[in-house]
Amino acid sequence: MGCMKELHNELHRHCALLLGVKSPWEVTGVELDMAARRVEIGLGWGRGHEVTCPECGKRCVMADHAPERTWRHLDTMQFETRIRARTPRSRCPEHGVKTVVVPWAEPGSRFTLLFERLAIDVLLACRSLTQACDLLRLDWDAVQRIMDRAVRRGLKRRDIEGLAHVGIDEKSFGSGQSYISLLSDLDGSRVLEVVEGCDQQTAEALWRSLPEEQRRGIVAVALDMAPAFIAASRAAVPQADRVHDKFHVAKHLNEAVDAVRRAEHKDLMAQGDETLKHTRQLWLFNPLHFTEEKAADFEHLKWSGLKVARAWAIEELLSKLWNYCYEGSARKFFKHWYGRAARSKLKPVIKVARMLKRHLENILTCLRHRITNAVTEGLNSKIQSIKSNARGFRSFQNYRTRILFFCGKLALQPL
Ligand SMILES: [Zn+2]
């Protein structure tokens, strides 16, 4: 009997050591369920110890114990491990009866800090959320809650002092016609805030997410030529240069080239000509990244004299604009380019050329700042994978959390 008791004490001490449990918390019991492959460790508050009020930190008397709760902990030898405890409640003269904070978990969490730490590492390392859920043996809601808490922690700790170059961008969200807008720190390559929508109110909300002091320090903002974004930025950061960077310019020209291709393909097909079939990607992507076979196809198309080939050449020509160092020569070059675009008789190209001409001053600011929304462009693929992995991905709030979790460069860990 004595021997048995000693063995028990030894086991409790061992568990306490594993958990890092310190007085007045002590291990009160260890239950091993071989069939369910589960360990449950009971913890208790040592008799006669004082408690402190979680609000003010003052020592006070213990009122009672909260109902029993369990927390999922790191597995022990592949056994799912849970901590079970009744937490004491303090009676503070000022704050009344409060549940004391346990050292192994955050208030409201069903997981220990160490488990959350592991879960965050697993989530960051996994290619998909499904894989992370499987590895952690957690459902979507549990994973979402861990991410929510991690992002809240990260935002609280985030330092945005000295913010100078930012970008505003819109992205489509979900399968419908919904949009989200993002504010990113171009120097830090991180997403700062995500808001639902893509109108002027959305852009205003993005700017409001920055403290006044940070807004005043902004030197330049990279953004699209959409009037709503321009108006909101002019009002929120009047001192900052607006820059329509090369990604935004290319986006509009890409759309023009694609519109020309679609119309021409339709005409050709009507005559039974399949020349442009399956060529959409060829016109949209950089020939430098083509395979040999594709490059040969494209070389042939490029010199075909087709309308889409002319549109593509005009787009390609404008990319030289970014190589200029002096505003005067860049302006001259643009004038030359504009003349060629205007004479092209390609309606979609002419329309975009006119828009670029209207916004030329804020395109040329690019030569001064050399900023691009490459950050958000790079995030595209990341965000895309968050989206495509997002089974059970229901609300905008969940999506925002995921973007900030993966692309916010936040200090997410609880310890
Ligand atoms: Zn108190």
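All ligand and atom numbering here is 1-based and tracks the order in the structure.
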Participant: Ignoring waters, how many N, O or S atoms from the protein are under 2.8 Å from the Zn ion (ligand 1)?
Facilitator: 4
Participant: Are Thr202 and Asp199 linked by a side-chain donor-acceptor pair shorter than 3.5 Å?
Facilitator: yes
Participant: Side chains of Ser233 and Trp207: any donor to acceptor distance under 3.5 Å?
Facilitator: yes
Participant: For Thr99 and Thr87, test the side chains for any donor-to-acceptor distance below 3.5 angstrom and give the result as yes or no.
Facilitator: no
Participant: With a 3.5 Å cut-off and no angle check, do the side chains of His165 and Asp187 form a donor-acceptor pair?
Facilitator: yes
Participant: Scan side-chain atoms only and decide if Asp245 and His369 contain a donor-acceptor pair under the 3.5 Å cut-off.
Facilitator: no
Participant: Any chance NZ of Lys246 has more than 12 other-residue heavy atoms, nucleotides or ligands included, within less than 6.0 Å?
Facilitator: no
